[in-house]
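Report on the following structure.
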Amino acid sequence: EVVLHYRPHQRDLIKLQKFAEAAVEEFPIHQLPRFMPWFPNDLYRLPLKPKKQPPAISCEEAEELKQLSTLSEYLTGSSDYDCTKNLLEFQSNVRHRQALIQAQTVHRSISLENQAELPPKGERSLTRSWSVSLPSSKLKEKILPLSQELQNKLERLKLHAFYRAKWTIEQSICNNQNLEDIWMKLNRLIKENELPSCNATIQRSVGQIWIFCDILYCEYVRNVLREKLSLTDEINLFVHKYGIIFNL
């Protein structure tokens, strides 16, 4: 007997039938090859032997354990697992259905309120928290070697040029721009592959944007950020376990 639960919007009977048939298909059985030990199969000549004999219990103790196990199963019962037990949409109770409709109405009203607060479609800020750049070979000619000051710093700390570092943008250096506006511009730069080896995240809880990149490209990335995002002050280059190693 197969009991198939499905949500109201999943009423394609053909798909449901195929799903149920796939669930009860027999697993293919592969005949395992005969085991051939890679060591001499002589238990009396093994180099290591247990110091003591394995523990043993009497028939009376085994019977007591069997009775205890049976009693425990009787008390606890063997309830079948039902994955739809706590899902409101599968409840037949009218009160649960009303609660579900009410929750959906509240969620819809909150969504409408949020949409009312959003700017026009062309100026809408991105809500995602991560952005990752794709590799690009067009920027090789634009990227200059690292400054001598940063090279000396890397040499003193024994850091490789491909070590990951982080630039931090705060509201105080955004030149009267909203942090979300900066985040939207930064996403556009990353999407257009203007920031090599970069991935970025906005930390809305602390009001910061973090841009991760290889140290090899960090000065180039900083110059692009300053020019394209109109930043007003210097930002610090942070490396894990080393702290702030450079600022521009």
Side-chain angles (χ1 to χ4, degrees), residues 1-111 114 127-132 160 162-164 166 199-206 208 210 212 238-243:
E1 182 182 357
V2 177
V3 179
L4 179 63
H5 300 275
Y6 61 92
R7 291 180 169 85
H9 64 276
Q10 297 173 329
R11 297 189 177 185
D12 191 335
L13 297 180
I14 297 178
K15 288 185 178 180
L16 292 175
Q17 182 180 353
K18 290 182 178 179
F19 187 82
E21 290 175 353
V24 297
E25 283 184 357
E26 293 186 1
F27 289 102
I29 300 176
H30 301 282
Q31 188 68 30
L32 295 177
R34 182 173 175 272
F35 174 73
M36 298 293 294
W38 58 91
F39 52 85
N41 191 15
D42 188 352
L43 297 178
Y44 297 100
R45 296 183 182 180
L46 288 178
L48 297 176
K49 292 183 180 180
K51 188 175 181 180
K52 298 180 179 179
Q53 293 293 328
I57 60 174
S58 62
C59 297
E60 292 79 6
E61 291 173 329
E63 189 64 28
E64 289 180 5
L65 290 175
K66 185 177 180 181
Q67 292 177 359
L68 288 175
S69 175
T70 306
L71 179 62
S72 175
E73 290 180 1
Y74 173 77
L75 292 176
T76 58
S78 58
S79 57
D80 295 330
Y81 172 70
D82 185 2
C83 61
T84 66
K85 184 176 181 180
N86 297 320
L87 295 178
L88 295 179
E89 57 215 88
F90 291 110
Q91 300 291 341
S92 58
N93 194 322
V94 178
R95 184 181 301 174
H96 285 287
R97 289 187 178 181
Q98 291 177 348
L100 176 61
I101 294 173
Q102 183 179 2
Q104 291 175 344
T105 306
V106 172
H107 178 72
R108 191 178 298 110
S109 63
I110 293 175
S111 300
N114 293 337
T127 57
R128 65 173 180 266
S129 298
W130 276 96
S131 188
V132 183
H160 195 275
F162 284 105
Y163 211 95
R164 296 293 280 179
K166 177 182 75 176
N199 59 298
T201 175
I202 181 171
Q203 301 289 324
R204 294 183 174 88
S205 59
V206 295
Q208 293 179 345
W210 297 346
F212 299 89
F238 180 89
V239 177
H240 183 58
K241 295 184 179 180
Y242 294 90

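One-based numbering along the sequence shown. Here the structure is a predicted model, which means the values were calculated and not measured.
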Side chain to side chain contact (heavy atoms under 4.5 Å, CB included) evaluation trace for Thr201 with Gln203: CA-CA 6 Å; Thr201 175; Gln203 301 289 324; 3.4 Å; yes
Glu60 backbone acceptor or donor facing Glu63 side chain under 3.5 Å: no
Student check: side-chain heavy atoms of Ile202 and Trp210 closer than 4.5 Å: no
Any side-chain heavy-atom pair of Gln10 and Arg7 under 4.5 Å: yes
Sub-4.5 Å side-chain heavy-atom contact between Phe19 and Tyr6: no
Side chain proximity check, His5 to Val3, heavy atoms < 4.5 angstrom: yes
Whether over 12 other heavy atoms sit under 6.0 Å from Leu4 CG: yes
Distance (rounded to the nearest 0.5 Å) between Leu13 CG and Lys18 NZ: 12.5 Å
Over all atoms of both residues, closest heavy-atom pair of His240 and Tyr163: O-OH, 4.1 Å
Value rounded to 0.5 Å, distance of OG in Ser58 from CD in Glu64: 7.5 Å
